[in-house]
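What follows is a set of notes on a single structure, which appears directly below.
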Amino acid sequence: MSASTTSPASTAASPPPGAESRGDVTPRASLVALMLATFIAAANETVPAGLLPQLADGFHITESWAGQMVTLCALGAGLGAVPLTILTRRWSRRTVLVVALLGFALCNAVTAVSPVFTLTLAARFVVGVATGLAWSEIATYARRLVSPERQGRALAFAMLGIPLALAVGVPAATAFGQWLGWRWVFGGLSALALVMVGWMLLIVPDVAVPRGNADDPSSSGLSGKPGLRDVLRLPGVRPVLAVVLLWVVAHYTLYTYIAPFLAAVGMSAHLATMLTTFGLATLAGTWGMGLWVDRWLRTLALMALATFTAVIVAFALWPTSWMVLFVGAVFWGLSFSGAPTILQTALGNAAGQHENVAQSMLVTVFNLSFAGSGVLGGAVLSTRGALALPPVLAILALAAWGVTFAASRHGFARRAPRALEDALR
């Protein structure tokens, strides 16, 4: 789930013992801890995008090779989430998150002091594995900390760490990297993870996954029925996953390689402003998306992808215009702010009672697409140059829009499912 400017949320779980007695009191300190955990997880995946020039200089490599630090982290998240979730299914949820945070601390510390790029890539892969484990736990943890009627609000608060990482974390890391050096940035992420370990152990209450609960990771289609192939055959599931792949690859290729693109058009001085503008727009758009997605899913999906395509085309046609780049960053952030919500909702509607299985597939496709974006961007950058990125990405964005438009009966349906319509009346 960078890992995706954001990662997919788990389905609802029953509140922990004693939640009912807490009434409507939200454990704010615990939710702040989870929000900061999502902040670090998102930063693990995205911070290198703002440091590519410094990383390339530090290791005496090309920026396309430096971009593989993003690729390896996303690849680790995509490959590690499912097996580690199964492996730790009998552990308490707090223990799982503490282990993930310790993984953040160790691997970012290794990155901060590593003299060899190969060792750095290995550390990035392992921190990605830990990030995938964290994404698989945080959403359910947040929901289980509160009573059922407050679970949606708790989840939204915990996930605020994702847009905050984009709006504040990446620009701050970029600025600090230019000022103090990129190694201090990863050292800071390591220290913050250690602080969060203490916070989790001292303040955040533990929760357990009851055996046999439908929300137990071990029962989310990994070892039971139906299997992954059965869910893939459901109408609408494959179109949504195809849009996930196309949209995520296009978005994260642009985001990861925005620094060399700006350098190619003489706009390197505006990198921090671009990233901040994008992040703030993402933060603003996230709030509105939750209000409209159930009623206007198809319309929002088509509008978001059309806007993203228009932004890429504008970047290709007027790359030296700062006004175009600035306004484009605003609409780029607004268009992608709803992507996780839109895609999760569409897939949940398509999969119905098998949503758990489908969402686990979305996690894998999302993160492997994130990894693929690093490979694609690096290949284009090394063979055709940064100015070739927008035309390539425009093709992917248009393809995503086309799949969304074609999936009018299932996936991105014109009408909400009957059960959802009844609930909205």
Side-chain angles (χ1 to χ4, degrees), residues 1-10 16 26-48 73-74 76-77 80-81 84-85 88 91-113 123-146 154-173 176 183-209 279 283:
M1 202 164 308
S2 342
S4 127
T5 14
T6 116
S7 291
S10 301
T26 301
R28 294 179 182 176
S30 298
L31 291 177
V32 169
L34 295 182
M35 184 264 287
L36 291 175
T38 65
F39 176 89
I40 304 173
N44 285 339
E45 296 183 312
T46 56
V47 156
C73 183
L84 279 183
T85 298
T88 61
W91 299 11
S92 73
R93 301 302 92 193
R94 183 171 63 180
T95 300
V96 173
L97 274 181
V98 167
V99 168
L101 288 167
L102 288 173
F104 295 173
L106 176 62
C107 294
N108 282 321
V110 171
T111 302
V113 301
R124 292 295 299 167
F125 180 82
V126 178
V127 82
V129 172
T131 301
L133 179 61
W135 285 134
S136 70
E137 299 295 337
I138 291 174
T140 300
Y141 206 129
R143 295 170 71 92
R144 289 181 55 78
L145 282 172
V146 298
L155 177 57
F157 187 88
M159 291 299 157
L160 275 177
I162 300 173
L164 284 176
L166 296 174
V168 179
V170 174
F176 278 112
R183 294 186 184 275
W184 287 97
V185 173
F186 289 99
L189 286 174
S190 177
L192 181 57
L194 286 176
V195 171
M196 293 312 305
V197 168
W199 193 331
M200 289 290 297
L201 292 175
L202 294 175
I203 296 176
V204 181
D206 203 355
V207 297
V209 176
L283 185 61

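For the single chain, residues carry numbers from 1 onward in sequence order. Note that this is a predicted model, so its numbers are computed, not measured.
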Quiz: residues 31-44 side-chain donor-acceptor pairs under 3.5 angstrom, not counting sequence neighbours:
unit_1	atom_1	unit_2	atom_2	d
Thr38	OG1	Met35	O	2.6
Thr38	OG1	Ala158	O	2.9
Thr38	OG1	Gly161	N	3.3
Asn44	OD1	Asn108	ND2	3.1
Asn44	ND2	Ile40	O	3.4
Asn44	ND2	Thr131	OG1	3.3

- [ ] Taking ring-ring contact (aromatic ring centres under 6.0 Å, His included) as the test, write out the residues that go with Phe125, two or more places apart.
- [x]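 Once residues adjacent in sequence are excluded, Phe125 has no partner under the ring-ring contact (aromatic ring centres under 6.0 Å, His included) criterion.
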
- [ ] Grab the two heavy atoms, one from Ala74 and one from Glu45, that are nearest each other, plus how far apart they are.
- [x]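 Closest approach of Ala74 to Glu45, heavy atoms only: CA-OE2, 4.5 Å.
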
- [ ] Compare every heavy atom of Ala165 with every heavy atom of Pro171, then report the nearest pair and how far apart it is.
- [x]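 In this case the closest contact between Pro171 and Ala165 is CD-O, 4.4 Å.
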
For residues 184-205, run the donor-acceptor check on the side chains, cut-off 3.5 Å, and write out each pair with its distance to 0.1 Å, sequence neighbours left out.
unit_1	atom_1	unit_2	atom_2	d
Ser190	OG	Ala105	O	2.6
Trp199	NE1	Ala29	O	3.4

Task: Interatomic spacing from CG in Asp206 to CH2 in Trp91 - rounded to 0.5 Å - done: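 These two atoms lie 13.0 Å from each other.
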
Task: Gap separating the CG atom of Leu101 from the CG atom of Leu106, nearest 0.5 angstrom - done: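 Leu101 CG to Leu106 CG: 12.5 Å, rounded to 0.5 Å.
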
